[in-house]
Amino acid sequence: MKRLAIKTVAVLLATGFGAGPAWAAETLQDVMKRRGLGQQDLMAAVKTYTPSGKRDEFLAFSSGGQSGQVLVYGIPSMRILKYIAVFTPEPWQGYGYDEESKAILKDGWIEGKEITWGDSHHPAISETLGQYDGQFLFINDKANPRLAVIDLRDFETKQIVVNPIYKSEHGGAFVTPDTEYVFEAAQYAAPLERGKFYPLEEFNEKYRGGMTYWKFDREAGRLVPAQSFSIELPPYSQDLSDAGKGPSNGWSFTNSFCSERYVGGIEKGRPPFEAGCSAKDTDYLHVINWKKAAELVAQGKAQKINGHNVLTMDTAVKEGILFLVPEPKSPHGVDVTPDGKYIIVSGKLDTHVSVYSFDKIQAAIKAGKFESKDPYGIPVIGMRDALQTQVQLGLGPLHTQYDAKQCVAYTSLYVDSQVAKWNYCEGKVLDKIPVHYNIGHLMTMEGDSTKPKGRYLVALNKLSVDRFNPVGPLHPQNHQLIDIGNDKMQLLYDMPLPLGEPHYAVAIEAAKLKPGVRYKVGTNSRTDKDHPGKVRAGEERIERKGNKVTVYGTLIRSHITPEIIEVEIGDEVTVNLTNLERAEDETHGFAISTYNVHASIEPGKTVSVKFKADKEGVYPYYCTEFCSALHLEMQGYLLVKPKGWTPTKKEIAKAAYTETDYRATLKKIVDTQAVIDSVVAFITSTNYKDFPDVVGMVEDATDQLGKIPDAKSRHEAAAAKKDWEHANLWAEQVYQYQVKAADIGLRAKTYLEQNGAKKLK
Ligand code: CUK
Ligand code: CUA
């Protein structure tokens with residue numbers, strides 16, 4: 001060891017490392033000078049820097065935009081932790097390459113059409129009493145109107161549902177305060193009946209928008225299509241939405257941006273959409289009593305369209321659950337205040353935000369005080385009768401989030417490239433900060449719940465222009481972290497996001513999340529049920545029925561069982577694999593050359609891959625995660641043989657091991673046992689039983705050691721027959737079991753040392 005260290009230093013000196021005087025003792029001032037940093041930078045660094053091994057206070061779930069995924073990153077470190085595969089195949093997680101995830105993606109096909117991407121916009125965390133509970137995450141796909149459910153116990157997508165009546169969907173996912181429903185609004189109007197064509201000339205009569213409320217079964221962790229419903233709405237391009245809370249619980253609010261119902265067509269000499277869709281001074285805020293709507297559906301007042309419950313506009317008007325309020329100039333974000341009393345609307349082409357009062361809206365409804373009806377007979381409440389106040393913030397207000405401090409809100413200003421901090425009770429601007437550039441959404445910690453946490457704000461900017469090293473014409477997105485703990489906002493950090501254009505993001509206190517580290521052995525993670533292909537150690541087998549071959553295999557460091565799979569050309573092959581590990585982070589991957597299958601098999605999980613063996617040949621398969629020192633040896637062969645093939649050669653080539661080799665291996669085994677004994681002595685001398693993770697590791701290690709007697713009797717039997725070849729190989733296998741047990745044992749020891757285990761007396 002010592003010799004090596006001296007040699008390394010010598011090499012460093014020889015190559016010029018450390019030749020400069022600054023190497024040994026650079027001071028903080030030196031570094032600041034060298035890197036051109038000022039006091040503000042230092043402050044920002046100290047506020048965000050997260051030392052190795054330390055964790056973040058909040059986790060952000062960001063839409064992955066066109067990637068159809070969800071990104072998870074920590075705040076304040078802005079370190080990316082995961083991409084959750086949702087609408088798009090994702091090879092690392094085997095998503096779209098194993099049978100279980102293919103089934104999820106297939107539920108997202110639309111009328112038999114396979115869809116392999118999504119335009120994900122708005123994530124939402126499940127709520128209990130209006131507060132984030134950290135159990136589930138929902139996200140929408142705007143392009144292909146779909147909604148997905150992610151379970152935060154394992155951060156996996158469990159369900160994708162297709163909206164039965166829309167062709168696009170933007171204003172989702174939003175949850176009601178107890179997650180009774182997850183709702184979404186249509187965006188671009190289209191006929192509601194599936195596969196039905198109507199010309200654009202019939203836009204006003206046949207094209208429709210709508211709001212869909214998906215019933216969520218928290219126990220099952222799934223949306224329930226049969227108990228879900230929609231409300232038919234005019235073709236007004238419904239946009240973002242939000243749920244009422246507290247006093248406004250039971251209601252939802254949805255913007256619209258082309259209530260002109262304008263249809264463009266430059267080709268035919270018509271002015272374009274953008275001109276016609278922004279011609280009027282106002283659009284409509286849709287005010288909907290979803291609680292009463294759900295009752296009406298339960299009373300059988302819904303019609304079926306494409307097999308889905310729809311309350312028609314006529315019914316909604318007659319039953320008094322649907323109202324409109326004018327709102328200025330092509331609005332975008334609508335955000336209910338934490339106390340549920342106000343609804344803040346931002347008009348993209350207006351310099352104001354409009355604060356609507358839920359009380360005033362209710363008073364107008366009760367008094368039957370409407371200024372008019374829209375062309376579909378929906379009562380329109382006068383803007384003045386509903387408005388609390390309007391505040392001038394700047395150009396292009398889009399979205400609003402809330403602070404832990406009373407009445408304090410933050411609104412993104414797209415055109416100004418700024419965040420405005422303002423007080424909605426007093427109607428005054430408190431502070432502004434420039435961002436880079438053209439901010440879309442912004443996010444404060446738990447900032448759309450009834451109990452925002454304040455602290456940080458992330459600006460989700462649309463353009464990054466010159467912020468990062470150039471990487472070609474397509475730039476990364478720029479998420480900027482801003483400290484909002486003080487009166488003046490302070491910019492802390494720029495994070496490039498190179499994966500689609502994220503729209504919305506939500507951040508939750510990390511302590512609220514309790515994800516597992518392993519599955520119950522044999523779990524299908526996509527259904528949360530027992531996998532029919534699961535096996536325990538020793539039960540591995542290959543079954544054949546006609547031309548269907550089913551493999552029941554296992555994975556544990558460092559082998560795949562079975563190691564050889566022989567099939568005939570044309571066979572349909574299903575490989576089920578169970579990861580028998582219990583140690584944390586011992587994932588194995590499984591890939592077969594040429595057959596386009598890949599699976600990620602985390603501890604306890606069972607996964608299956610399926611393919612038709614339609615290419616004769618020899619195809620190596622292997623583990624794709626570097627799981628152990630002998631990971632590269634975690635391999636096998638798929639042999640696809642021609643029909644009716646018979647072998648000519650019966651024996652596999654030998655290595656010609658001698659008795660000396662065998663004796664050397666036995667010595668190695670004795671030495672390794674000494675290491676194991678010392679680790680065992682350490683562990684059992686502590687209160688390790690108080691640490692469930694360690695108990696799991698000890699069980700894993702004991703499992704490995706438990707395999708030794710069988711291998712031992714085999715090497716002894718072979719040695720007795722002077723078959724040194726097999727004697728040595730089985731002795732090597734004993735050594736492998738020892739190495740794995742020792743590896744787990746050492747991990748357990750480190751864990752105990754780092755987590756304050758106590759010595760037993
Ligand atoms: S949208 Cu993209 S900036 Cu889809 Cu919520 Cu506003
Ligand atoms: Cu298992 Cu590499």
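Worth saying up front: this structure is predicted, and the values here are computed from it rather than measured. Computed from heavy atoms alone, side chains included, the values below leave out hydrogens, waters and symmetry copies.
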Worksheet entry | Minimum heavy-atom distance Tyr493-Ser77, with the two atoms named | CE2-O, 4.4 Å

Practice prompt. List the atom of Phe87, the atom of Ala148, and the distance in Å for their closest heavy-atom pair.
Written response: CZ-CB, 3.8 Å

Item to complete: Verify whether one side chain among Gln69 and Glu90 offers a donor that lies under 3.5 Å from an acceptor in the other.
Response: no

Discussion item. What I want to check is whether the side chains of Asp154 and Tyr519 have a donor and an acceptor closer together than 3.5 Å.
Written reply: yes

Worksheet entry | Heavy-atom neighbours of Asp585 CG exceed 12 at 6.0 Å | no

Worksheet item: Can Ile508 and Phe58 be said to form a side chain to side chain contact (heavy atoms under 4.5 Å, CB included), step by step?
Response: CA-CA 5 Å; Ile508 181 171; Phe58 295 95; over 6 Å; no

Discussion item. One thing to verify: whether Asp700 and Arg582 come together as a salt bridge, which I'm taking to mean a side-chain N less than 4.0 angstrom from a carboxylate O.
Written reply: yes

Worksheet entry | Closest approach of Ile75 to Ala60 (non-hydrogen atoms, all atoms of both residues) | CD1-CB, 3.9 Å

Which atom pairs, one a donor and one an acceptor, fall under 3.5 Å between side chains of residues 630-647 and the rest of the protein, sequence neighbours left out?
| from | atom 1 | to | atom 2 | distance (Å) |
| --- | --- | --- | --- | --- |
| His631 | ND1 | Glu625 | O | 2.6 |
| Lys641 | NZ | Glu566 | OE1 | 2.9 |
| Lys643 | NZ | Ile569 | O | 2.9 |

Worksheet item: Does a salt bridge link Lys102 with Asp98, judged by any charged N lying under 4.0 Å from a carboxylate O?
Response: no

Discussion item. One pair to check against side chain to side chain contact (heavy atoms under 4.5 Å, CB included): Ile150 and Val70. What are the steps and the verdict?
Written reply: CA-CA 10 Å; Ile150 295 158; Val70 167; 3.9 Å; yes

Practice prompt. Could you tell me whether Glu539 and Arg536 make a salt bridge, using a distance below 4.0 angstrom between a side-chain N and a carboxylate O?
Written response: no

Worksheet item: Between CG of Leu580 and CD1 of Ile556, what distance do you get to the nearest 0.5 Å?
Response: 5.0 Å

Fill in: side-chain hydrogen bond (donor to acceptor under 3.5 Å, both in side chains) against Asp690, all qualifying residues, sequence neighbours excluded
Asn687

Worksheet entry | Stacked cation flag Lys113 on Trp109, 6.0 angstrom / 45 deg | no

Worksheet item: Per the side chain to side chain donor-acceptor pair (under 3.5 Å) rule, which among His559, Arg557, Glu602, Glu581 passes with His588?
Response: Glu581

Discussion item. On a heavy-atom basis, which atom in Ala591 and which in His598 lie closest, and how many Å separate them?
Written reply: CB-CD2, 4.0 Å

Discussion item. What's the separation between atom CZ in Arg663 and atom CG in Asn728, rounded to the nearest 0.5 Å?
Written reply: 11.0 Å

Worksheet entry | salt_bridge(Lys158, Glu100) N-O dist < 4.0 Å | no

Worksheet item: Can you find a side-chain donor-acceptor pair between Gln733 and Gln736 that sits under 3.5 Å?
Response: no

Worksheet item: Has Arg55 got more than 12 heavy atoms of other residues, nucleotides or ligands less than 6.0 Å from its CZ?
Response: no

Item to complete: Please test Leu152 against Phe136 for side chain to side chain contact (heavy atoms under 4.5 Å, CB included), starting from the C-alpha separation and ending with a verdict.
Response: CA-CA 5 Å; Leu152 294 179; Phe136 297 94; 5.6 Å; no

Fill in: Separation between OG of Ser67 and CH2 of Trp117, rounded to the nearest 0.5 Å
10.0 Å

Worksheet item: If we only count heavy atoms from C-beta on, is the Val694 to Lys689 side-chain gap below 4.5 Å?
Response: no

Worksheet entry | Residues forming a side-chain contact (heavy atoms from CB on, under 4.5 Å) with Ala720, sequence neighbours excluded | none

Worksheet item: Side chains of Asp693 and Arg518: does their closest heavy-atom pair fall under 4.5 Å?
Response: yes

Worksheet entry | Flag side-chain contact, heavy atom, 4.5 Å: Val161 against Arg146 | no

Worksheet entry | Ionic contact status for Arg222 with Asp528, cut-off 4.0 Å | yes

Worksheet entry | Closest heavy-atom pair and its distance - Ile676, Ala742 | CG1-CB, 4.0 Å

Worksheet item: Any side-chain heavy-atom pair from Glu540 and Tyr552 closer than 4.5 angstrom?
Response: no

Worksheet item: So, Glu572 and Lys548, do they make that salt bridge, N to O below 4.0 Å?
Response: yes

Item to complete: With rounding to the nearest 0.5 Å, note down the distance linking OG1 in Thr554 to CG in Asn579.
Response: 9.0 Å

Item to complete: Assess the side chains of Ser558 and Ser628: does a donor N or O sit below 3.5 Å from an acceptor N or O?
Response: yes

Item to complete: List the steps and the verdict of side chain to side chain contact (heavy atoms under 4.5 Å, CB included) for Asp530 and Lys534.
Response: CA-CA 8 Å; Asp530 264 8; Lys534 72 168 186 178; 3.1 Å; yes

Discussion item. Less than 4.0 angstrom from a charged side-chain N to a carboxylate O is my criterion; do Lys612 and Asp614 meet it?
Written reply: no

Worksheet item: Below 4.5 Å, heavy atoms only, C-beta onward: do Leu59 and Leu81 meet side chain to side chain?
Response: yes

Worksheet, complete the sentence: Residue set satisfying side-chain contact (heavy atoms from CB on, under 4.5 Å) with Ser63, at least two apart, ordered chain then number -> Ser120, Pro123, Ile139, Pro502, His503

Item to complete: First locate atom CZ of Arg541, then atom CG of Asn576, and finally report the distance between them rounded to the nearest 0.5 Å.
Response: 9.0 Å

Response to the item:
Taking every heavy atom of Leu71 against every heavy atom of Leu497, the minimum-distance pair comes out as CD2-CD2, 3.9 Å

Discussion item. I want to know whether Phe61 and Phe155 have ring centres closer than 6.0 Å.
Written reply: yes

Worksheet entry | Inter-residue atom distance Ile560.CD1 - Leu577.CG, 0.5 Å rounding | 7.5 Å

Item to complete: Considering only NZ, NE, NH1 and NH2 on the basic side and carboxylate oxygens on the acidic side, decide whether Arg79 and Asp56 come within less than 4.0 Å.
Response: yes

Worksheet item: What about the rings of Phe590 and Tyr621, do their centers lie closer together than 6.0 Å?
Response: yes

Worksheet item: Is it true that the side chains of Ser600 and Gln93 contain a donor and an acceptor less than 3.5 Å apart?
Response: no

Worksheet item: Partners of Thr594 by side-chain contact (heavy atoms from CB on, under 4.5 Å), sequence neighbours excluded?
Response: Lys615, Tyr619

Worksheet entry | Minimum side-chain heavy-atom gap Ile683-Val698 below 4.5 Å | yes

Item to complete: Would you kindly say whether Lys759 and Ser685 are connected by a side-chain donor-acceptor distance under 3.5 Å?
Response: yes

Worksheet item: For the rings on Tyr662 and Trp724, is their centre-to-centre separation under 6.0 Å?
Response: yes

Worksheet item: Do the side chains of Asp661 and Thr658 get nearer than 4.5 Å, heavy atoms only?
Response: yes

Discussion item. If you define the side chain from C-beta out and look only at heavy atoms, does anything of Thr523 sit under 4.5 Å from Lys605?
Written reply: no

Item to complete: Determine, for Arg526 against Glu156, whether the closest basic-nitrogen to carboxylate-oxygen distance falls under 4.0 angstrom.
Response: yes

Worksheet item: Has Tyr622 got more than 12 heavy atoms of other residues, nucleotides or ligands less than 6.0 Å from its OH?
Response: no

Item to complete: Using the six-membered ring wherever Trp is involved, compare the ring planes of Tyr73 and His479 and label them parallel, tilted or perpendicular (cut-offs 30° and 60°).
Response: perpendicular

Worksheet entry | Sequence neighbours excluded - salt bridge (Lys or Arg N to Asp or Glu O under 4.0 Å) pairs with any residue from residues 711-736 | Lys668-Glu732, Asp710-Arg714, Lys712-Glu716

